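All figures in this text were calculated on a predicted structure; none of them were measured in a lab.
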Amino acid sequence: MTIDSREVLMETHREMYFSTGEAARVLELSTSTVKRLESTGQLPSLKNHNGWRFFNAGDVYDFLGELGADT
């Protein structure tokens, strides 16, 4: 089940995981950019046996804070 609301996603506990699309919504970036951030090591992820990426919510929130600090 995919949750569309960024506000609802922002209530996710830091220990939980986001899909690529959910992480993109939280960060307000495209899924391509999130994948690029993962491939360059800027945003850590886990991959399952199918190769799907999952992002720890805490890592996404920390990265979001870094984005805010850069502006």
Colleague: Can you name the side-chain contact (heavy atoms from CB on, under 4.5 Å) partners of Y17, sequence neighbours left out?
Modeller: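 Residues passing side-chain contact (heavy atoms from CB on, under 4.5 Å) with Y17: L46, F54, N56.
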Colleague: Give the minimum heavy-atom separation between G21 and T31, together with the two atoms involved.
Modeller: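 Shortest heavy-atom separation between G21 and T31 comes out as CA-CG2, 3.9 Å.
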Colleague: Which residues pass the side-chain contact (heavy atoms from CB on, under 4.5 Å) test with H13, not counting sequence neighbours?
Modeller: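 Here the qualifying residues are E15, M16.
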Colleague: By side chain to side chain donor-acceptor pair (under 3.5 Å), which residues pair with T33, not counting sequence neighbours?
Modeller: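 T33: side chain to side chain donor-acceptor pair (under 3.5 Å) contacts with S30.
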Colleague: Going by heavy atoms in the side chains, are L27 and L43 under 4.5 Å from each other?
Modeller: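 Side chain of L27 against side chain of L43, heavy atoms only: contact under 4.5 Å found.
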Colleague: I need the T12 OG1 to F18 CZ distance, nearest 0.5 Å.
Modeller: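 If I round to the nearest 0.5 Å, the distance is 4.0 Å.
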Colleague: Restricting to salt bridge (charged side-chain N to carboxylate O under 4.0 Å, His left out), what partner residues turn up for E28, sequence neighbours left out?
Modeller: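 Per chain and number, E28 pairs via salt bridge (charged side-chain N to carboxylate O under 4.0 Å, His left out) with R6.
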Colleague: Taking all heavy atoms of V34 and all of A24, pick out the closest pair and write down the distance.
Modeller: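 That would be CG2-CA, 3.6 Å.
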Colleague: Taking it one step at a time, do M10 and L64 satisfy side-chain contact (heavy atoms from CB on, under 4.5 Å)?
Modeller: CA-CA 11 Å; M10 291 296 291; L64 183 61; 3.7 Å; yes
Colleague: Salt bridge (charged side-chain N to carboxylate O under 4.0 Å, His left out) with R36: which residues, sequence neighbours excluded?
Modeller: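 For R36, no residue satisfies salt bridge (charged side-chain N to carboxylate O under 4.0 Å, His left out) once neighbours in sequence are set aside.
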Colleague: Can you pull the side-chain hydrogen bond (donor to acceptor under 3.5 Å, both in side chains) pairs that have at least one residue in residues 41-53, sequence neighbours excluded?
Modeller: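 Every side-chain hydrogen bond (donor to acceptor under 3.5 Å, both in side chains) pair that includes a residue of residues 41-53, provided the two are not neighbours, is E38-S45, E38-R53, T40-Q42.
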Colleague: Please identify each residue that fulfils salt bridge (charged side-chain N to carboxylate O under 4.0 Å, His left out) with D59, with sequence neighbours left out.
Modeller: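 Listed in chain order: nothing, the list is empty.
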Colleague: Working to the nearest 0.5 Å, report the span between OG of S19 and CZ of R25.
Modeller: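 The OG atom of S19 sits 6.5 Å away from the CZ atom of R25.
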